[in-house]
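Chain A is the first sequence line, chain B the second, and so forth, proteins listed ahead of strands; every chain is numbered from 1.
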Protein chains: 2
Amino acid sequence: MLATRYHGDRDIRVDEVPEPGLREPTDALVRVHLAGICGSDLHFYRAGSSLGFAPPERVGHEFVGEVLEVGADVRSVRPGQAVVSSPSIADGTCEMCRERLYYACERGLGFFGYSGGFWHYGGPVEGGQSELVRVPFADYTLVAVPEELADPERRPALVGIIDVMGTGWHGADAAGVAPGDDVLVIGDGAVGLCAAHAAVARGAERVILAGHHADRLAIGRRLGATDVVESRDPAEVGELVRGLTGGHGARVVIASVSGDAPLATAHAGVRAGGVISCIGLDQAVGAPPGVDWMDQFLRNLTITGGLVPGRRNVPHLMELLAKGAIDPTPVFTHRLPLARAADGYRLMDERAEGVVKVVLDPSA
Amino acid sequence: MLATRYHGDRDIRVDEVPEPGLREPTDALVRVHLAGICGSDLHFYRAGSSLGFAPPERVGHEFVGEVLEVGADVRSVRPGQAVVSSPSIADGTCEMCRERLYYACERGLGFFGYSGGFWHYGGPVEGGQSELVRVPFADYTLVAVPEELADPERRPALVGIIDVMGTGWHGADAAGVAPGDDVLVIGDGAVGLCAAHAAVARGAERVILAGHHADRLAIGRRLGATDVVESRDPAEVGELVRGLTGGHGARVVIASVSGDAPLATAHAGVRAGGVISCIGLDQAVGAPPGVDWMDQFLRNLTITGGLVPGRRNVPHLMELLAKGAIDPTPVFTHRLPLARAADGYRLMDERAEGVVKVVLDPSA
């Protein structure tokens with residue numbers, strides 16, 4: 001079968017590999033219908049060699065597919081069922097998982113030495129950008145798709161709720177975005193767009209999206225952003241945000257990218273007593289947030305966010321998708337055959353105009 | 001009258017100064033019965049010259065006293081009434097104050113260039129370590145003392161609720177400490193001790209106090225800490241905390257001191273998905289928190305806390321004091337005549353054994 005593998009920095013290939021089978025009684029075997037390339041995949045694409053990747057390594061953690069076979073202990077999914085993946089792997093039964101702290105699963109499969117398990121990043125798990133995938137801890141890691149979302153047309157949306165929407169929702173959820181809130185979202189990548197969409201779906205009154213790509217900001221408007229601003233200048237964005245929010249700034253800022261400039265923008269736009277929710281994986285792999293500690297202290301700001309909390313949001317987002325309250329489909333700008341995965345990575349890496357997120361189709 | 005003034009770094013004097021009078025219709029004039037020296041006062045004591053202090057400058061923001069006279073617009077206090085100060089000055093009526101974001105008062109009197117007003121730090125306000133003090137925005141800045149706390153013996157406790165207990169409570173409140181929680185408090189100064197006391201009063205099940213002074217840790221036990229650890233070693237404290245909390249760490253860490261080592265201890269002791277609440281003023285004046293951003297991201301930690309939120313907690317803490325639910329009196333180890341204020345600063349600066357917090361008595 002075909003599977004996408006990392007062979008070195010900026011060297012992604014689709015290789016013929018042996019078909020997987022069940023190994024553990026908690027495994028499931030899934031035929032992949034559609035798999036996403038995640039913005040987080042660009043981190044290993046660009047610098048996997050410095051992240052502990054050992055080529056050739058299977059990749060991909062966002063997919064929708066059909067269960068072919070399950071191990072003896074699997075209870076929640078059955079062969080023939082349509083499923084989506086969780087963005088990370090956890091056993092679902094330990095004390096941490098029972099508290100929905102899936103990223104801290106005691107039997108997780110490794111992620112930068114932490115116990116929570118991601119699909120790759122040096123772990124022993126096979127990725128989902130492939131024709132078939134073995135799924136560990138299937139009761140946790142897979143979520144069954146309801147009948148009303150069975151139409152193949154909904155597959156991109158289903159891929160979207162796993163990680164990009166899961167992460168955007170997490171950013172809003174960690175900050176407690178509630179009806180009536182003012183929210184500033186920094187960054188117009190797929191996660192930023194989904195964070196704006198999440199804030200809208202949670203009832204925020206004003207959702208201001210700051211980015212620097214007109215085409216992406218236009219998608220942000222389609223996803224419900226009430227205002228967009230094309231600027232990287234913290235002072236300019238801060239002034240605009242204060243002007244739109246009665247002079248005091250937004251109670252919540254969701255920073256989908258990390259580093260000094262995005263955080264300076266966050267400080268410029270956030271209201272006293274507010275929250276800066278940091279959800280960009282770039283924070284963990286090289287761009288720590290440039291928090292202004294004097295401002296954080298004197299204005300009582302809260303810094304929160306972090307890694308997408310695994311399965312936590314997936315069932316809820318699937319419900320919202322089924323009833324039409326969310327739809328992240330607009331972030332998918334390109335659909336390629338699985339065999340062209342390398343082109344997909346290249347398109348996303350180059351951030352060409354009109355490219356946001358690519359899905360790979362093994363059947364095409 | 002006598003008033004404590006900053007004349008330069010480590011040069012505190014009690015000077016004869018003119019008696020103050022009302023200036024604004026929102027002012028009150030207060031005769032001070034007892035005034036605290038705050039841990040935060042040590043910052044200007046040690047380095048006021050680098051904080052914009054212009055000698056000679058009046059100081060003191062924690063006091064209990066009696067109202068002598070009020071301006072025409074003052075409604076909530078009257079002459080003859082016993083009152084405590086708020087730890088900062090705000091008008092109490094602007095949009096920020098109505099949302100209880102007093103540190104961001106639009107008519108605040110300045111604090112490092114921020115709008116919220118502290119009692120000194122370069123502002124135009126006269127301090128309360130004096131015989132008499134003019135109090136701006138008295139309706140906000142003063143809180144009347146109820147009859148059941150009128151006994152002069154309760155004055156140290158009343159001074160205690162203003163800032164040290166107000167800050168400790170804020171640390172616990174920002175982190176949402178609730179019944180059943182496990183809490184680690186880092187630092188055994190007056191604020192750390194009060195943070196532990198606050199966590200106990202809010203119903204935390206286990207409150208672990210980490211410090212490095214046996215005498216202060218003993219006070220922590222009197223204030224309700226269930227466990228104390230005398231160590232500055234993050235790994236050692238982390239192991240102890242995990243051992244006491246079922247292996248996963250404390251949901252809340254309150255860091256009463258900032259910098260690299262305290263934050264390393266916080267990361268070592270905090271549970272995944274937990275909160276690190278930073279309430280040490282040292283953060284704002286030179287020791288930014290050494291946050292481990294990889295850990296913050298991958299374990300979804302929240303960083304919160306900040307400057308004591310002015311009057312916000314004072315009325316509630318007074319109620320708790322009146323009904324015996326809290327009593328910060330044990331943090332006051334020394335009581336000196338106002339004329340000996342310089343000795344009080346020196347004692348606190350030197351952290352001599354047995355010294356935690358000093359109160360000054362203008363009538364002695």
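Of the listed residues (B:S277, B:A272, B:A174, B:C278), the greatest number of heavy-atom pairs within a distance under 4.5 Å of chain A belongs to B:A272. Note on A:L301, A:T302, A:I276: by heavy-atom pairs under 4.5 Å with chain B, the leading option is A:T302. Chain B forms more heavy-atom pairs under 4.5 Å with one residue of A:I303, A:T304, A:I279 than with any other, namely A:I303. Interface summary for chain B: among A:G246, A:S258, A:G305, the most heavy-atom pairs under 4.5 angstrom belong to A:G305.
When heavy atoms are compared at a cutoff of 4.5 Å, A:R271 approaches chain B solely by way of its side chain, counted from C-beta outward. Interface residue A:V291: only side-chain heavy atoms are found under 4.5 Å from chain B.
A heavy-atom distance below 4.5 Å is not found between the side chains of A:H248 and A:R242.
Under a 4.0 Å N-O distance rule, the pair B:R251/B:D182 does not qualify as a salt bridge.
Classification of the B:F44-B:F53 ring pair by plane angle, with boundaries at 30° and 60°, yields parallel.
When all heavy atoms are compared, the tightest approach of A:S49 to A:D9 is OG-OD2, 2.6 Å.
By the 6.0 Å and 45° rule, A:R202 stacks over the aromatic ring of A:W169.
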